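To start, the structure itself, in structure tokens.
Quick note on labels: first sequence line is chain A, next is B, and so on, each numbered from 1. From a predicted model like this one, the values you see are computed outputs, not experimental measurements.
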Amino acid sequence: MSKEITSRQQDYSQWYNDLVIKGNLADYSAVRGCMVIKPYGFSLWEKMQAQLDRMFKDTGHENAYFPLFVPKSLFEAEEKNAEGFAKECAVVTHYRLISDPSAKGRLMVDPEAKLEEELIIRPTSEAIIWNTYKNWIQSYRDLPLLINQWANVVRWEMRTRLFLRTAEFLWQEGHTAHATGEEAVKEAELMLDIYAEFAEKYMALPVIRGVKTESERFAGAIDTYCIEALMQDGKALQAGTSHFLGQNFARAFDVKFSDKDNKLDYVWATSWGVSTRLVGALVMAHSDDDGLIMPPKIAPIQVVIVPIYKGNDKKDLLDGKGQELASQLKSRGISVKFDQNDNARPGWKFAEYELKGVPLRIAMGLRDIESGTVEVVRRDTREKMVMSLEGLTEKIITLLDNIQENIYQKALTYRDSRITKADNWAEFVRLLDEKGGFISAHWDGTPETEQTIQEKTKATIRCIPLNNPLEEGNCIFSGKPSQQRVLFARAY
RNA sequence: CGGGGCGUAGCGUAGCCCGGUUAUCGCGCCUGCUUUGGGAGCAGGAGGUCGCCAGUUCGAAUCUGGCCGCCCCGACCA
């Protein structure tokens, strides 16, 4: 093993870093807290983007692009939103550099080139977008306005982790305007459903849909909906959010419309987003101590073909056969890599594609050519199968579906085994420490209790699940009456 | 910003306590030959501001002071 991966048991954080770095997803960069997304990692993101974008368009949304910079006066217009993000904003104050007279070859900020108004680098785009929507919306006929943008944002985090939390990250943010509150709530719920469907069907990542408590709510929102996933170390990870913003931003930016009776009212808003954090979620949810495990529907390479030959004369024969198989699979929409690299031995390639999480590997050697077979190996179960070339494409398609399903079921079984009810404080604390995962417990509904629990245990309320069954009980901490259980967990 | 660890070739490292020729080893890289069914072998070769700056010294990777950067854990957060 030339690329040693730290085991999960030994050091979970280091295991994660090893997979991201050695699996060629990303690199550290010269900028603190910012990463370089490498081609293999970026193609993962592109796969996610492509599917999500399709789903957004299928539900009537259009893409647009708004500026990276937000004038401070606009940024501060919606007070709660501004307050919430203020402490993590990067700010542009000058627009020019000049040669430093006291240090040859160095540059300095030109003190003469101070901006009259500072520009905030967007931590999110509500401000600039709602300032624009004001000009786009006059009548109910302009509604609903359903816009999405793919963009980068910057949040100056104290501590960063590859993909999970970086100072700059890529995401999509949807921003919609509606004539009624009910319609806006429906939109927020619809987008949450789309996120959940995407996570489960494509990323093979089971998620819980829920509503955030007041303290975890998006700054400026009335309600924040979320999908919560569980990682292999028992910590929860918020994988996507969707917000019902009420009329808060419409009021702040004076966005009114005339209804059919010519009465003026503020429009109703939503916003929703998922980010490159999903790449981190994918890595942490499925992978093992030998490397990444990619669900076929998101995998940049679904099938790799490795030729095995002795001597250059046989290489041509195998190249031909390999190309033939590759184009067969490609014609059915499977993404295939035929690895003809002559510098690496087959054993090296096997290990490398396992590290990279390619779902299926096909090895093809002289013995196979004689018998009309190939060796097929699944990454998820490591099962080795000798298969006839006849009808192979169909079998590969079925196998990819099986792998997708198996990865999902495995994650689901794990997740479900770690949703545990707790009915007293001692048990609650013990479960958090010994088992992890989601703890389903009663809560008295007050932010004070929520905060005290967090201070004592580092667990937060991840969400109140949608369609949560009502149940009489007593708060796990205060003992006060409660009507429903909520989900607690330690989280990323 | 606190606590811990680290910085020597693209990567991983030895040397540092106790200063002394040309800075160690492995992987990778280049050339050639042999190889190829689980991270190939042999031979030859290239590659270094020892994180940066100052100091001590005849002499510093090694000692002293300052600074910078990264990783892990915590506080903040998607």
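Shown here, G44(B) forms a base pair with C30(B); the pair counts as Watson-Crick or G-U wobble because both key distances fall under 3.5 Å. Taking a pair to require two hydrogen-bonding distances under 3.5 Å in either a Watson-Crick or a G-U wobble arrangement, A54(B) pairs with U64(B). Within the shown strands, C1(B) is the pairing partner of G74(B) under the Watson-Crick or G-U definition, both distances less than 3.5 Å.
For Asp368(A) and Thr373(A), the side-chain atoms include at least one donor-acceptor pair closer than 3.5 Å. Between the side chains of Asp11(A) and Thr6(A), no donor N or O sits under 3.5 Å from an acceptor N or O. Remark: the Thr270(A) side chain and the Trp272(A) side chain contain an N/O donor-acceptor pair separated by less than 3.5 Å.
For the C1' atoms, the distance linking G32(B) with C68(B) amounts to 45 Å, nearest Å. Taking the P atoms as reference points, A54(B) lies 29 Å from G4(B), given to the whole Å. Taking atom C1' on both nucleotides, C33(B) is separated from U24(B) by 29 Å, rounded to a whole Å. Comparing the C1' positions of G19(B) and U57(B) gives an interatomic distance of 9 Å, to the nearest angstrom. C27(B) and U13(B): their C1' atoms are spaced 11 Å apart (whole Å). Distance check on atom P: C70(B) versus G12(B) gives 16 Å, rounded to whole Å. If you take atom C1' in C6(B) and the same atom in A61(B), they sit 15 Å apart, rounded to whole Å. Comparing G15(B) with G55(B), their P atoms sit 29 Å apart, to the nearest whole Å.
The distance from atom CE of Met35(A) to atom P of C70(B) is 16 Å, rounded to the nearest whole Å. In this structure, Asn24(A) places its CG atom 13 Å from C1' of G10(B), rounding to the nearest Å. To the nearest angstrom, C1' of C70(B) lies 13 Å from CG of Asp27(A). Computed from coordinates, the Ile305(A) CD1 to U36(B) P distance equals 22 Å when rounded to whole Å. Rounded to an integer number of Å, the gap from Asn343(A) CG to G32(B) P is 11 Å. When the P atom of G38(B) is taken as reference, atom CD of Glu352(A) falls 17 Å away, rounded to whole Å. Note: OH (Tyr353(A)) to P (G39(B)) measures 16 Å, nearest angstrom. U36(B) atom P lies 19 Å from atom CH2 of Trp348(A), rounded to whole Å.
Using a 4.0 Å heavy-atom cutoff across all strands shown, Lys384(A) reaches at least one base atom of the nucleic acid.
The side chain of Arg345(A) places no N or O atom within less than 4.0 Å of a non-bridging phosphate oxygen (OP1 or OP2) of U35(B). In terms of phosphate contacts, Lys310(A) brings a side-chain nitrogen or oxygen within less than 4.0 Å of OP1 or OP2 of U36(B). Neither OP1 nor OP2 of C71(B) sits under 4.0 Å from any side-chain N or O of Asn17(A).
Nearest-nucleotide positions on RNA chain B for Leu164(A) and Thr160(A) put Thr160(A) closer to the 5' end. Each of Gln238(A) and Arg161(A) was matched to the nucleotide of RNA chain B holding its nearest heavy atom; the match closer to the 5' end belongs to Arg161(A).
Screening His61(A), Gln172(A), His175(A), Glu173(A) against Asn148(A) for a side chain to side chain donor-acceptor pair (under 3.5 Å) leaves a single residue, Gln172(A).
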Review point. Does the pair Ile227(A) and Gln238(A) meet the rule for a side-chain contact (heavy atoms from CB on, under 4.5 Å), with working shown?
Key: CA-CA 6 Å; Ile227(A) 51 171; Gln238(A) 180 177 302; over 6 Å; no
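Taking every side-chain heavy atom of Arg32(A) into account, G69(B) is the closest of G38(B), A75(B), G69(B). Nearest nucleotide to the Glu375(A) side chain, out of A75(B), G37(B), U36(B): G37(B).
Residues Arg462(A) and Glu216(A) are paired through a salt bridge, judged by an N-O separation under 4.0 Å between the basic side chain and the carboxylate.
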